[in-house]
Amino acid sequence: MVIYNNILTKTLVIHTTLTLNSSTLYTYENFELVHQLNNLNCSEIVSQELGLINASKTLVGSIPIAAGYTVNSNLTLYFMKKVLSNSDGSNDLITIISIAHVNVNKTLILSVLKKVMDKYIDFKRDIESSDNNSTHQIKTKLGEFKLYMNQIIKYEEMNYDSNQHVYNYGAINNNRGTDDESDGIAGEDVISPNQLLLANEEADEVRQLMLDNINKIMNRGDKINLLVDQTDRLTSSSLMFQKRAQLIKRKIWLSKSKFMLMIVGGVAFMIYLLIGSRCGFPGFGQCLHP
C-alpha cells in the first residue's frame, strides 16, 4: 500500500520551514513521504505562498494546496507567524510553515508550530544575550537549532497516540450518534484546542502591541518632560539676557552722557579762556568796566 494512503500521512508532518523576514533559516522534510507523493516540491509551495502569508494580518491559519502542485490535493499548508522585537528597536517577522495531510489533527500541527516558534525565540535570545560569543560562534550555534527543530517534530509525532486524547479534547466529532448528543453539550459550544492555540497566539500579539504602545507613551512622556525642562531653561536664559541687555544699555547711556558733559565743559572752558584773555581774568573787568 502506498504510504500516501496510509494512516502515517495523517499523523506525520511532511514538511516544515522556519523563516526570518522571508528568508529561510531551517527546513525539515520527511523524504520518504515526499518521495511517495510523486516527489512533491514543498520548497516551491512555501516560496509561492510565503509572500501572501507575511503580507496578511492573520497570525495563524491554513491554506489548501492546489492540485497543480501534486496529483492528489489532499494536502494543507499551515502557518504561524510572530513579530519579535529586538534590543536595538527593530522588529523581525518569524514565520513557520508546515505541510501535512488534510485529515491530520490540526492541534498536533499547531502544537508543533508553536513549540518550534517558542524554542527558536528562546534559543535566539540566549545566543544574543551572551557577550562572549564571536560572530562565527553565533552562526555555528544558530545552525545547531535544526537539531532541536527535528527533535520537536519527531517527539510530537512519536507521542501522538499517547497525547491523542489531549489533542481531541473538546473537538467536534461529526460521527457522534444521537446517544452522545443527549449529554446536553452542543458541539459548537465546545472550545477545541485548535481554537485555544489561535486565541493564545492572538492574545500574545495583542499583549505585545499593548506593551509597545505603553513603551511609546512612556517615551513620549519622557520627551515631553525633557521639552518642558528645555523650555524652562530657555525662558530663564532669555530673562537673564534681557536684564544684562538693560544693564549694558544703561552703562552705554551713562558713558555717552559723561562724554557729552566733558565736551560741553571743555568747550565752555575754551570760551572762558578766550574771553578772559581779551577782557581780563577772572571777572572780565576790562570789558565790563572800560
Side-chain angles (χ1 to χ4, degrees), residues 17-26 49-61 79-97 110 113-143 145 195-259:
T17 297
L18 179 65
T19 67
L20 179 67
N21 297 327
S22 300
S23 298
T24 301
L25 297 180
Y26 311 100
E49 302 292 345
L50 182 61
L52 296 176
I53 291 173
N54 289 340
S56 67
K57 295 182 180 180
T58 306
L59 302 178
V60 183
F79 67 89
M80 180 180 294
K81 60 182 183 179
K82 191 170 187 178
V83 177
L84 179 64
S85 300
N86 299 319
S87 57
D88 57 357
S90 61
N91 294 326
D92 289 330
L93 178 61
I94 303 175
T95 307
I96 180 169
I97 298 174
L110 293 178
L113 297 183
K114 182 170 176 57
K115 288 184 179 180
V116 173
M117 176 82 72
D118 294 341
K119 182 65 177 179
Y120 173 72
I121 293 175
D122 295 339
F123 188 79
K124 185 173 182 291
R125 286 176 175 171
D126 289 342
I127 293 178
E128 292 177 349
S129 62
S130 179
D131 298 331
N132 300 325
N133 293 330
S134 62
T135 304
H136 177 71
Q137 290 175 334
I138 291 176
K139 291 182 178 180
T140 302
K141 289 186 176 181
L142 285 175
F145 180 78
Q195 294 171 325
L196 288 176
L197 282 172
L198 294 176
N200 185 29
E201 287 299 319
E202 293 178 357
D204 289 341
E205 187 69 17
V206 171
R207 184 177 66 86
Q208 186 62 40
L209 290 175
M210 292 178 63
L211 292 176
D212 293 340
N213 291 333
I214 291 173
N215 292 330
K216 289 179 181 179
I217 292 173
M218 294 180 64
N219 292 333
R220 182 182 177 185
D222 294 338
K223 291 179 181 179
I224 291 175
N225 293 332
L226 180 61
L227 182 61
V228 171
D229 293 339
Q230 292 178 350
T231 304
D232 292 338
R233 285 197 292 268
L234 288 174
T235 303
S236 301
S237 300
S238 63
L239 292 175
M240 293 180 64
F241 177 77
Q242 185 178 2
K243 291 180 180 180
R244 290 180 180 178
Q246 291 176 353
L247 291 174
I248 294 172
K249 184 178 180 180
R250 188 178 295 110
K251 289 181 179 179
I252 293 174
W253 181 82
L254 291 174
S255 298
K256 287 183 178 181
S257 300
K258 290 179 180 179
F259 181 71

Q: Taking all non-hydrogen atoms of both residues into account, name the closest pair between M117 and M80 and its distance.
A: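 Taking every non-hydrogen atom into account, CE-O, 3.5 Å.
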Q: Of all the heavy-atom pairs spanning F145 and V116, show the shortest one and how long it is.
A: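 Of all heavy-atom pairs spanning F145 and V116, the closest is CZ-O, 3.6 Å.
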Which residues pass the side-chain contact (heavy atoms from CB on, under 4.5 Å) test with [X], sequence neighbours left out?
X    : value
S23  : none
N21  : D92, L93
S236 : none
L25  : L20, Y120

Using 0.5 Å steps for rounding, measure from the [atom1] atom of [X] to the [atom2] atom of [Y].
X    : Y    : atom1 : atom2 : value
L84  : S90  : CG    : OG    : 9.0 Å
F79  : I96  : CZ    : CD1   : 13.0 Å
L227 : L234 : CG    : CG    : 9.0 Å
T58  : I53  : OG1   : CD1   : 10.0 Å

**Q.** With sequence neighbours excluded, residues passing side chain to side chain donor-acceptor pair (under 3.5 Å) with D232
**A.** none
Within the structure provided, determine whether [X] and [Y] are in side-chain contact (heavy-atom separation under 4.5 Å).
X    : Y    : result
E49  : I97  : no
R233 : D229 : yes
K124 : N86  : yes
S255 : F259 : no
T19  : L50  : yes

Q) Given L110 and K114, is the side-chain contact (heavy atoms from CB on, under 4.5 Å) satisfied, shown in steps? A) CA-CA 6 Å; L110 293 178; K114 182 170 176 57; over 6 Å; no
(Q) side-chain contact (heavy atoms from CB on, under 4.5 Å) for I214 and M218? Distances and angles first, verdict last. (A) CA-CA 6 Å; I214 291 173; M218 294 180 64; 4.0 Å; yes
With a 3.5 Å cut-off and sequence neighbours excluded, list the donor-acceptor pairs that the side chains of residues 243-251 form with protein atoms.
none

Q: Assess whether side-chain contact (heavy atoms from CB on, under 4.5 Å) is satisfied between K82 and L59, documenting all intermediate values.
A: CA-CA 7 Å; K82 191 170 187 178; L59 302 178; over 6 Å; no
